[in-house]
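Take a look at the structure below.
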Amino acid sequence: MNSKLKDKFTDQLFDAILLLKDKGECYKFFEDICTVSELKALAQRLEVAKMLNDGYTYDEIAEHTGASTATISRVKRCLNYGADGYEVILERMKDNN
């Protein structure tokens, strides 16, 4: 676990997120806690991770998502060397479809 990330406020945030019951509650909570651009950036990164995982090229990803090559590179670095958070959620998303 990333000790730089872990603190009581982050724990509280994650506990709150885990209390959300459906997509509607997620929209309400994230609309209040994030700016539109912050939320769109998070959503974009997830789509970038999905596309990288599916073997798309940087050019295809940039065209589809509007993400910069810097963002795509950062997400790829997380996929390869990160905490496996993307891996966990991408696998669960596949299982959920």
Side-chain angles (χ1 to χ4, degrees):
M1 184 171 313
N2 187 341
S3 60
K4 292 179 187 176
L5 182 63
K6 186 165 177 46
D7 64 26
K8 67 181 182 178
F9 299 125
T10 307
D11 282 350
Q12 178 178 263
L13 173 64
F14 293 159
D15 288 341
I17 291 169
L18 291 169
L19 293 173
L20 297 169
K21 293 184 172 104
D22 58 32
K23 197 180 292 186
E25 287 185 0
C26 287
Y27 270 100
K28 288 178 183 180
F29 180 71
F30 282 96
E31 185 175 334
D32 285 348
I33 201 164
C34 295
T35 65
V36 171
S37 60
E38 288 168 336
L39 188 54
K40 294 288 185 183
L42 293 172
Q44 181 188 64
R45 287 183 203 140
L46 180 58
E47 181 63 14
V48 167
K50 215 171 122 206
M51 292 182 76
L52 283 167
N53 202 47
D54 290 342
Y56 287 88
T57 67
Y58 275 40
D59 288 339
E60 292 169 325
I61 295 167
E63 184 177 323
H64 177 73
T65 65
S68 68
T69 55
T71 295
I72 298 167
S73 294
R74 183 184 182 285
V75 171
K76 185 171 184 163
R77 194 168 40 255
C78 289
L79 282 170
N80 292 332
Y81 306 109
D84 295 331
Y86 279 125
E87 183 179 317
V88 168
I89 204 65
L90 291 173
E91 197 58 40
R92 289 184 186 165
M93 288 171 70
K94 280 182 190 172
D95 292 346
N96 210 22
N97 287 333

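- Taking hydrophobic clusters as Ile, Leu, Val, Met, Phe, Trp and Tyr residues chained together by side-chain heavy-atom distances below 4.5 Å, L13 shares a cluster with L39.
- Between the NE2 atom in H64 and the OG1 atom in T57 there is a gap of 12.5 Å [rounded to 0.5 Å].
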May I have the list of side-chain donor-acceptor pairs in residues 17-30 shorter than 3.5 Å, sequence neighbours left out?
{"from": "D22", "atom 1": "OD1", "to": "G24", "atom 2": "N", "distance (Å)": "3.1"}
{"from": "D22", "atom 1": "OD1", "to": "E25", "atom 2": "N", "distance (Å)": "2.8"}
{"from": "E25", "atom 1": "OE1", "to": "K21", "atom 2": "N", "distance (Å)": "2.7"}

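- The environment of E31 atom CD is sparse: at most 12 non-hydrogen atoms of other residues, nucleotides or ligands sit within 6.0 angstrom.
- Annotation: the span from L90 atom CG to D95 atom CG amounts to 11.0 Å, rounded to 0.5 Å.
- Partner of M51 under the side-chain contact (heavy atoms from CB on, under 4.5 Å) criterion, chosen from I72, T65, L46: T65.
- Atom-to-atom distance recorded for D54:CG and E60:CD is 11.0 Å, nearest 0.5 angstrom.
- In this structure, the side chain of T10 does not engage the main chain of K6 through any donor-acceptor pair within 3.5 Å.
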Less than 3.5 Å apart, which donor and acceptor atoms pair up between the side chains of residues 74-89 and the rest of the protein, not counting sequence neighbours?
{"from": "N80", "atom 1": "ND2", "to": "K76", "atom 2": "O", "distance (Å)": "3.4"}

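- Sorted by first and then second residue, the salt bridge (charged side-chain N to carboxylate O under 4.0 Å, His left out) pairs with a member in residues 36-50 read E47-K50; sequence neighbours excluded.
- Atom OH of Y56 has 12 or fewer neighbouring heavy atoms from other residues, nucleotides or ligands inside a 6.0 Å radius.
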